[in-house]
Structures are given as C-alpha cells and as structure tokens.
Protein chains: 2
Amino acid sequence: MSILPKPAARTLASDAYERIRAEIQTGRFRPGDRLRFAELQALCAMSVTPVREALARLTAEGFTSLDDHRGYSVAQLSLSELRDITANRKLCEGEALRLSIERGDAQWEAAVIAAHHLLVRVPQGREDMPSAIRDDWDARHAAFHRALIAACGSPILLDTCGRLFAHADRYRRVSVSLLMSHRDAEAEHRLIMEKALARDGAAAVAALHAHYEKTAETLEAFFDGQGN
Amino acid sequence: MSILPKPAARTLASDAYERIRAEIQTGRFRPGDRLRFAELQALCAMSVTPVREALARLTAEGFTSLDDHRGYSVAQLSLSELRDITANRKLCEGEALRLSIERGDAQWEAAVIAAHHLLVRVPQGREDMPSAIRDDWDARHAAFHRALIAACGSPILLDTCGRLFAHADRYRRVSVSLLMSHRDAEAEHRLIMEKALARDGAAAVAALHAHYEKTAETLEAFFDGQGN
DNA sequence: ATCCTCAGGATTTTCGAAAATCATTGACTC
DNA sequence: GAGTCAATGATTTTCGAAAATCCTGAGGAT
C-alpha cells in the first residue's frame with residue numbers, strides 16, 4: 001500500500017474544473033464574460049468533452065450559467081445577490097459556528113488557533129500587492145473560516161457554507177477596496193476566535209454576523225460606486 | 001414575439017438529466033447502483049456525451065457520486081445523512097417559512113391554499129397504490145412545501161431548500177411505510193398552513209419542525225429494521 | 001497455501017469531426 | 001426608411017470510435 005496521499009489518477013475533466021474555477025475566482029474571467037469552448041480548450045490544452053463536463057459542474061454550483069445552444073458564461077454579480085449571500089451566510093455559518101462551539105474538542109481549538117496564526121502572518125501588502133500574496137491571504141482566510149465551523153458535525157451544512165463562502169469570495173475579489181479592509185478584518189477575526197475558544201456561542205455568532213455585515217457594507221459601497 | 005412560454009429548443013443533455021434524476025427519485029435506480037454508460041445510453045437513446053454532462057450535474061447536486069476512472073453510481077443512503085438532512089431542513093426551511101410569513105402577500109396566501117387543496121385531493125391509495133398516483137402525490141407534496149416558503153425573498157435559500165427536499169424525498173421513497181404516514185401528514189400539513197396563514201411565525205415553524213421530526217422518526221424506524 | 005504478475009475483457013475517458021443551432025449580414029419588399 | 005427573409009459564418013451540441021484505465025482471474029514463484 002502506498003503512503004503517498006494521492007496517486008493522483010486524476011481526469012482531465014477534474015483539471016479543467018479546477019482551472020476554470022480558479023480563473024473565475026481570481027477574476028481573470030470576469031462576470032458576464034462568455035466562455036467559448038475554443039478559448040477554454042486552448043487554455044486547458046484538451047478537447048471539448050472534458051471542458052464541457054467541467055462547465056456542467058460549475059453551472060450546477062452557480063459559478064457559471066448556461067443558455068441552451070447559446071453557450072456558457074460567467075455568472076453575473078449583483079447587489080441583490082450579495083445581500084442574499086450575506087443573509088444566508090449569517091444563517092448557515094452562524095448555526096455551524098454555534099454547533100462547532102458546542103461540539104468542538106481540543107483538536108478543533110488547536111486547528112482554529114493554527115489557522116488564525118497563519119492568517120495574520122501573511123505579509124500585509126499594499127495596492128500593488130503581488131497577486132501571489134493576495135492569493136495566499138485568500139486561501140488562508142478561507143481556511144480560517146473553515147476551521148471555525150469544522151466541528152459542527154454536519155457535512156451538509158459544511159457543504160452549504162463552503163459554497164456560500166466561495167460565492168462571497170467572488171464579490172470580495174472584484175472589489176479594489178479589499179486591501180483597506182484587511183486591517184479591520186484582522187481585529188474582527190481575532191474577536192470571533194476569542195469568543196469561540198471561550199465557548200461563548202452567542203457572542204461568537206454575534207461577532208461573526210458583525211463581520212459579515214461589515215464586509216457586505218464595504219462591498220455594497222464599492223458596487224454602488226460602480227453602478228452595478 | 002411568441003406568446004408560448006417555451007419554444008423548447010432544449011438539449012439532449014437536459015433531457016438526460018431529468019430522465020436519470022427521475023429514475024433515481026422514483027427509486028428505479030437504487031442507492032449504490034452503478035450507472036453504466038452503455039445502459040444509460042440505451043435508456044435515453046443518445047450518445048455518451050450528453051449522458052456524461054447529465055451525470056456531472058447530478059453529481060454536483062449530490063444525487064450521484066463519481067470515482068475517477070471507476071464511473072458513476074447512485075449516492076448511498078444512510079441513517080446519519082437522513083439525520084443531517086433533517087437538521088438542515090429544520091434550519092433552512094424553518095427560516096424560509098418565517099421570512100415567507102413576514103413578507104408574503106395575499107398572492108402568497110392564495111398559492112398556499114391552492115397547493116394544499118390539490119394535495120388533499122389526491123386519491124388516497126393503499127399498499128397497491130398505482131405508481132402514477134403515488135408520483136402525483138409526491139409532486140403535489142413538493143409543490144405545497146415550495147408554496148409555503150415561496151415568499152421568503154431569498155433565491156439562494158429557496159435553492160438550498162429545494163435540494164434538501166429532493167434528497168429527503170429519496171429517503172421517503174424507499175420507505176414502504178410511506179403510505180401509512182400519509183394520513184398523519186395530512187393533519188400536520190393543515191396545521192402548518194393554518195399557522196402560516198394566521199401569520200404566527202413561531203407556531204408555524206414549530207409545526208414545520210414537528211412535521212420533519214415525525215417524518216424522520218418514521219424513516220429511521222424503517223432504516224433500523226432494514227439494518228442500513 | 002499465499003502472494004505477485006500480467007494478459008484479456010469491460011468500462012470509462014477523451015478525441016476530432018459531423019450535425020444542429022444561433023447570430024449577422026445583406027438583399028428585397030412594402 | 002423600416003421590416004422581412006434567406007444565406008452565411010460562428011458556436012454549440014452530439015456522435016462514433018480510439019485511447020486510457022480498471023477489474024478479473026489464471027498462472028507461476030516463494
């Protein structure tokens with residue numbers, strides 16, 4: 001038996017899925033952009049079949065949309081959807097955090113502390129932050145939020161939260177004001193963690209809600225400015 | 001401009017998606033069954049490409065699962081997943097119902113009453129209930145639950161609820177005790193509707209939770225008997 | 001007897017081209 | 001000039017077969 005975690009007998013379709021999703025998440029494919037097969041085939045260096053499968057998955061998850069016989073395109077962003085996502089995150093991640101606090105053991109506490117440590121150690125960039133660092137922060141930010149709710153004990157709730165987070169991430173990425181909010185977010189993250197580790201469910205959820213509200217407000221201001 | 005709702009320039013992939021999903025929902029494809037392409041191509045009378053796209057969508061929604069290079073199969077059922085689904089339904093549909101009661105107008109009330117009327121008018125069958133009637137009841141049952149939460153104002157929450165309902169439906173279908181619970185369910189449905197129309201959010205949500213708990217209990221008893 | 005190797009067959013996965021559909025252009029009528 | 005219609009080009013959608021991978025079981029070595 002192999003000790004290696006993954007012999008990785010992957011498929012091209014999986015590669016295409018991750019590749020295209022990454023392009024959408026990082027904003028290189030922008031909302032509303034049409035996704036032509038010729039282009040995607042060139043990008044992924046494969047035939048049409050695996051690309052099609054990847055787009056089918058992405059569409060089922062809401063990252064792309066499909067008009068029959070008119071092809072796929074990157075899902076649009078809208079102020080109303082941002083508000084909807086925020087409301088759903090408060091509901092689902094709030095409940096997941098409550099459960100996690102109730103059920104989490106020392107292992108969970110350690111994972112939360114570790115994820116938070118990694119998050120605050122990402123070098124703080126400026127406007128001209130290299131995208132590598134920016135991607136790094138985003139990955140650790142996602143990991144921190146995942147660690148918080150990891151002990152909730154509900155795979156379905158975790159899946160829902162994961163999807164919501166990914167969608168919220170798209171909104172965060174398009175916002176130039178992202179960088180300014182990092183410093184504020186740091187204090188908010190710390191507060192959530194402290195309340196969670198103190199096993200104060202109500203206070204932790206309140207802090208989480210406040211965090212989402214503030215994030216949403218920042219993005220809403222940006223969207224209003226853009227007229228989207 | 002055409003008045004017809006849909007000229008229906010559909011694709012084979014969409015047909016395959018609905019066809020296969022129906023086979024899974026109605027239980028003709030059973031949990032754990034392997035889904036071979038040769039078989040599905042024969043069933044849908046089409047080539048492998050659209051079938052593959054359909055399975056990709058179904059997998060993203062959790063109805064099927066995929067092992068790389070080992071093919072697709074119908075997702076397994078388990079007691080723990082049933083409990084997880086129930087907990088998530090209480091959370092999500094409960095909130096959706098609360099919002100619906102808060103925001104719903106007369107149009108919403110009318111739709112709820114209409115859906116309930118259709119539901120109770122399905123002829124009550126017995127063990128040997130023809131599958132057509134059974135499918136009819138299931139469709140109207142889904143429509144009633146959808147009508148209750150339709151006015152919640154959150155497309156994302158509605159989507160989540162829809163998925164959860166579809167998964168719960170799979171559990172209900174495999175249960176032989178389904179028929180016995182219809183009569184009980186009728187009283188529960190009426191209670192939910194009455195509380196909702198009376199705009200008593202707390203009572204309506206409580207009734208909804210009780211409804212789900214009772215459904216889950218019935219199914220759990222069945223599952224325990226089967227040793228699944 | 002147990003384990004390993006390796007064909008043979010079954011199945012999934014991918015390809016490249018054909019068929020179907022949509023968008024655009026330009027001619028033609030009213 | 002506005003509107004209709006057909007032909008053309010671009011793009012999606014589907015097909016049928018080739019390539020890659022997995023499963024099974026027989027044969028041989030330890």
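Sequence lines set the chain letters: A, B, ... in the order given, protein chains first and strands last, and positions in each chain run from 1.
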Nearest whole angstrom, please: distance from the P of C/dT21 to the CG of A/Asp67. 16 Å
Closest listed nucleotide, where the reference is the side chain of A/Pro50 and the choices are D/dT14, C/dT14, D/dT13: C/dT14
Rounded distance [0.5 Å steps], CG in B/Leu43 versus CD1 in B/Ile20: 7.0 Å
Hey, are the side chains of B/Arg34 and B/Phe29 touching, using non-hydrogen atoms and a 4.5 Å cut-off? no
Does a salt bridge link A/Arg173 with A/Asp135, judged by any charged N lying under 4.0 Å from a carboxylate O? yes
Taking D/dT13, D/dT14, C/dT13 as options, the one with an atom nearest any side-chain atom of B/Leu12 is D/dT14
Could you give me the CA-CA distance, side-chain angles and deciding distance for A/Leu66 and A/Leu55, then say whether side-chain contact (heavy atoms from CB on, under 4.5 Å) is met? CA-CA 9 Å; A/Leu66 167 63; A/Leu55 289 174; over 6 Å; no
Between P on C/dT21 and CG on A/Leu66, what's the gap in Å once rounded to a whole number? 15 Å
Can you check whether A/Ile85's main-chain N or O pairs, donor with acceptor, with A/Asn88's side chain at less than 3.5 Å? no
Atom-pair distance (CZ on A/Phe37; P on C/dT14), nearest Å: 15 Å
Rounded distance (Å) that lies between atom P of C/dT13 and atom NE2 of B/His69: 6 Å
Taking CG from B/Leu35 and P from C/dT12, how many angstroms apart are they, rounded to a whole number? 9 Å
Would you say that more than 12 heavy atoms from the other residues, nucleotides or ligands in this model lie under 6.0 Å from the CZ of A/Arg103, or not? yes
Once you round it to whole Å, what is the distance between P of C/dA23 and CZ of A/Arg36? 12 Å
Take B/Arg34 and B/Thr49, find for each the nucleotide of DNA chain D with the closest heavy atom, and name the residue whose nucleotide sits nearer the 5' end. B/Thr49
Looking at D/dC23, I'd like to know if its phosphate oxygens (OP1 or OP2) sit under 4.0 Å from a side-chain N or O belonging to B/Arg70. yes
Return the residues of residues 52-60 of chain A meeting this criterion: a heavy atom under 4.0 Å from some atom of DNA chain D. Order them by number, or give none. A/Arg52
Which whole-number value in Å describes the distance from B/Met46 CE to C/dA19 C1'? 15 Å
